[in-house]
**Student:** 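Following this message is one structure expressed as structure tokens.
Quick caveat, the model's predicted, so the values are computed rather than measured. One-based numbering, in listed order, for ligands and for the atoms of each.
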Amino acid sequence: MKLFTVGPVEMFERTLKLKSEQLPYFRTDEFSKMMLKADGQLKYIVDASENSKTIYLTASGTGAMEATVMNCFNQQDKLLVINGGGFGERFEKICKIHRIEYTAIEVPLEKDLTEEMLLPYENCGYTGLLVNVHETSIGKLYDIAMLGKFCKRNNIFLVVDAISSLFIDAISMKEHCIDALIFSSQKALSLSPGMAGVVLSEQIIVERVLTNEVRSMYFDFKDYIVNFERGQTPFTPCVGTFIEYSDMIQVICDAGIAKIVEDKKRLANQFREELKKQGFGVPQYTMSNGLTPVYLDNAYEFYLKLKENYNLVVTPNGGALRDKVIRIGHMGNLDSCDYCYLLECMLKIRQE
Ligand SMILES: *Cc1c(COP(=O)(O)O)cnc(C)c1O
């Protein structure tokens, strides 16, 4: 079985080996040191400013999305939410539940987000902007540089859910003026699920996180900040996933994030070219290096055939896109041979 999904994804041998080992006790110097080292490497990879801090949660990515909104904003805020699909909708839902005022900017399905779409919201007193930089439900990548500039000139906090984008698309906290950058373990990091993190800028920590009253015990970032001074978390973390994380971050540092992103971009582009040559439809909008949607008649049936006849698992869709699109992931331990074989199988199914 091979996974062309967006999380969990096809894992690397070294991670599978780590997964098979006995977990250590974690309130130790060794564990603390491991986490502090990994965190330093993460901040280098995401180009975080010097006094930024990372919150490590044991939660899925959505937990980190919700916790970030709860810790960074309150009922005095007025937010913008970029909504171009299922994950944008999730940010809207979080705002509603926590009674935070927001305006949704809806991005039409076939279009990229443009400066023009942001124009009506300049100088309107907004205090934060929430975006899923890669809207995974449709594989669309937004222009983070444009959003960064918009937030900077409007003095707005920029919160980026980069869960399906970090470590596979280029992103820089400093260059793109990002105040909160959310990631999780089971996407491009190719690890077990369970760990989600948020890197916070010094400004959002000082002006928001340290003073905001959070009506939650488990998700109050203040405790996490104090504990992580010594490389610990307030509560028991998913110890195994943290160990996998420290190993993978080292691998990424050794290879260089720019090279990893470049390689994935090449892999995704090659596959897209081959698809087009064979007459498969792919979107016109800007895509993440992490995912290629393919337009198909009877898409869900196509997904089932790939799985049942060839042991290849791509990502199906729910809702309105169920029978129109399958999504093919480029995260994890996959190389160009895997895509050649996948395409071969897709052609066979189409000819049936
Ligand atoms: C996967 C994903 C999430 C998190 O989903 P969980 O199931 O909670 O891990 C959040 N945002 C985006 C854009 C994602 O792709």
Side-chain angles (χ1 to χ4, degrees), residues 3-11 46 55-70 72 79 81-95 97 104-107 109 113 129-144 147 158-171 176 178 180-199 218-219 237-238 240-242 244-245 264 268 283 285-293 313-319 321 325-332:
L3 299 182
F4 294 85
T5 47
V6 286
V9 301
E10 200 64 27
M11 289 174 156
V46 303
I55 310 297
Y56 287 97
L57 299 167
T58 291
S60 87
T62 307
M65 289 168 71
E66 182 166 22
T68 302
V69 172
M70 289 163 70
C72 296
L79 306 185
V81 179
I82 308 294
N83 183 349
F87 289 99
E89 230 161 79
R90 193 168 296 182
F91 261 142
E92 278 201 46
K93 203 165 172 185
I94 290 169
C95 289
I97 286 170
I105 302 178
E106 297 199 1
V107 187
L109 182 59
L113 176 70
L129 184 146
L130 312 180
V131 65
N132 321 88
V133 65
H134 170 199
E135 174 50 77
T136 324
S137 64
I138 53 168
K140 190 185 288 178
L141 186 74
Y142 299 126
D143 185 342
I144 188 66
L147 285 165
L158 174 55
V159 172
V160 178
D161 162 6
I163 290 172
S164 60
S165 186
L166 196 58
F167 312 108
I168 201 156
D169 297 310
I171 205 159
H176 303 135
I178 297 168
L181 184 70
I182 306 168
F183 64 97
S184 77
S185 54
Q186 84 276 23
K187 303 271 167 99
L189 281 171
S190 322
L191 312 174
S192 308
M195 185 194 85
V198 193
V199 189
Y218 190 76
F219 287 115
C238 43
T241 310
F242 277 41
E244 295 168 24
Y245 168 69
K264 282 293 181 185
Y285 51 74
T286 308
M287 286 177 269
S288 161
N289 297 330
L291 192 64
T292 302
V313 183
V314 300
T315 321
N317 271 304
L321 296 175
V325 187
I326 57 169
R327 292 170 298 155
I328 296 169
H330 305 298
M331 299 170 192

**Student:** Can any side-chain N or O of N83 pair as donor or acceptor with the backbone N or O of A104 at less than 3.5 Å?
**Tutor:** no
**Student:** Looking only at distances, can you tell me whether any N or O atom of T136, backbone or side chain, sits closer than 3.5 Å to an N or O atom of ligand 1?
**Tutor:**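 In this structure, T136 places an N or O atom under 3.5 Å from an N or O of ligand 1.
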**Student:** Ignoring hydrogens, what is the shortest heavy-atom contact between K187 and V6? Give both atom names and the distance.
**Tutor:**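 K187 and V6 have their closest heavy atoms at CD-O, 2.6 Å.
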**Student:** Does S190 use its side chain to pair, donor to acceptor, with the backbone of A188 at less than 3.5 Å?
**Tutor:**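 Looks like yes, one N/O pair under 3.5 Å.
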**Student:** Does S184 reach ligand 1 with a nitrogen or oxygen that is under 3.5 Å from one of the ligand's nitrogen or oxygen atoms?
**Tutor:**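 No, since none of the N or O atoms of S184 sits under 3.5 Å from an N or O of ligand 1.
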**Student:** Taking T62 for the side chain and M65 for the main chain, is one N or O donor matched with an acceptor at less than 3.5 Å?
**Tutor:**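 No.
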**Student:** Show which atoms of ligand 1 fall inside a sub-4.0 Å distance from at least one heavy-atom site of S164.
**Tutor:**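 By the 4.0 Å cutoff, the relevant atoms are 13 (C), 15 (O).
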**Student:** Do any N/O atoms on I163 end up under 3.5 angstrom from N/O atoms on ligand 1?
**Tutor:**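 Not met; the criterion fails.
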**Student:** Can you name the atoms of ligand 1, numbered from 1 with element, that are less than 4.0 Å from a heavy atom of S60?
**Tutor:**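 So the atoms of ligand 1 that pass are 6 (P), 8 (O), 9 (O).
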**Student:** Could you tell me if Q186 and S184 have a donor-acceptor pair between their side chains, going purely by distance under 3.5 Å?
**Tutor:**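 Indeed, the side chains of S184 and Q186 share at least one donor-acceptor pair under 3.5 Å.
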**Student:** Is any N or O atom of N132, backbone or side chain, closer than 3.5 Å to an N or O atom of ligand 1?
**Tutor:**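 N132 vs ligand 1: no N/O contact under 3.5 Å.
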**Student:** Heavy atoms only: which of I182, T62, V6, V131 lies closest to atom 5 (O) of ligand 1?
**Tutor:**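 Residue with the shortest heavy-atom distance to the ligand atom: T62.
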**Student:** Short list, please: which atoms of ligand 1 are under 4.0 Å from a heavy atom of H134?
**Tutor:**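 Answer for ligand 1: 13 (C).
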**Student:** Which protein heavy atom lies closest to atom 11 (N) of ligand 1, and at what distance to 0.1 Å?
**Tutor:**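 Result for atom 11 (N) of ligand 1: D161 OD2, 2.6 Å.
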**Student:** Counting non-hydrogen protein atoms only, what is the nearest one to atom 2 (C) of ligand 1? Give residue, atom name and distance.
**Tutor:** K187 NZ, 2.4 Å
**Student:** Within the 4.0 Å heavy-atom shell around M65, which atoms of ligand 1 are there?
**Tutor:**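 Checking each atom against M65, I get 10 (C), 11 (N).
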**Student:** Looking only at side-chain N and O atoms, does S185 offer a donor or acceptor that is under 3.5 Å from a partner on E244?
**Tutor:** no
**Student:** Ignoring hydrogens and angles, tell me if any N or O in the side chain of S164 forms a donor-acceptor pair with the backbone of H134 under 3.5 Å.
**Tutor:** yes
**Student:** What is the closest protein heavy atom to atom 9 (O) of ligand 1, and at what distance does it sit?
**Tutor:**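 Going atom by atom, the protein heavy atom closest to atom 9 (O) of ligand 1 ends up being Q186 NE2, 2.8 Å.
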**Student:** Quick one: pull up OG1 in T136 and CZ in F87 and give me the separation to the nearest 0.5 Å.
**Tutor:**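 Separation between the atoms: 4.5 Å.
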